[in-house]
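Take a look at the structure set out below.
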Amino acid sequence: ESTTGEMVDAVQLVTEDGTRCINADAVVVSTCKQFKKATPLAIQCTGEAGPKGRKYKTFKIYELG
């Protein structure tokens with residue numbers, strides 16, 4: 001969500017149908033950084049948490065296979 005043009009960490013994901021997408025959510029990126037190679041994952045957004053005006057998404061992330 002940077003508007004200053006600064007670089008942020010992101011991951012490239014490939015969905016079941018082969019669609020490629022980019023995600024820069026801190027939780028998703030930090031989880032994916034733990035893997036040394038491409039790893040099949042199931043990522044489920046479970047909702048939002050945090051105080052009003054500072055909400056963040058919550059996820060369940062499972063390694064498949």
Side-chain angles (χ1 to χ4, degrees):
E1 297 180 23
S2 172
T3 58
T4 63
E6 75 180 281
M7 300 291 282
V8 295
D9 288 338
V11 293
Q12 177 177 278
L13 305 170
V14 181
T15 63
E16 288 179 314
D17 68 0
T19 303
R20 294 182 184 273
C21 52
I22 302 295
N23 185 294
D25 183 272
V27 172
V28 175
V29 172
S30 65
T31 299
C32 291
K33 280 184 174 182
Q34 297 175 29
F35 299 102
K36 302 293 183 213
K37 59 180 183 172
T39 303
L41 301 172
I43 303 172
Q44 177 184 17
C45 182
T46 57
E48 291 185 331
K52 188 174 184 174
R54 303 229 355 126
K55 297 276 187 196
Y56 58 89
K57 289 184 175 18
T58 57
F59 296 91
K60 285 186 180 180
I61 302 176
Y62 305 96
E63 183 176 355
L64 301 175

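Residue indices begin at 1 and follow the sequence shown.
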Fellow cluster residues of Leu41, listed by chain then number, with links counted only when side-chain atoms sit under 4.5 Å apart: Val11, Leu13, Val27, Val28, Val29, Phe35, Ile43, Phe59, Ile61
Salt bridge (Lys or Arg N to Asp or Glu O under 4.0 Å) partners of residues 9-29, not counting sequence neighbours, each pair once: Asp9-Lys33
Of all pairs that satisfy side chain to side chain donor-acceptor pair (under 3.5 Å), the ones with a partner from residues 51-65, not counting sequence neighbours: Thr46-Thr58
side-chain contact (heavy atoms from CB on, under 4.5 Å) involving Ala10 - partner list, sequence neighbours excluded: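 Counting only residues at least two positions away or on another chain, Ala10 forms a side-chain contact (heavy atoms from CB on, under 4.5 Å) with Ile22, Ala24.
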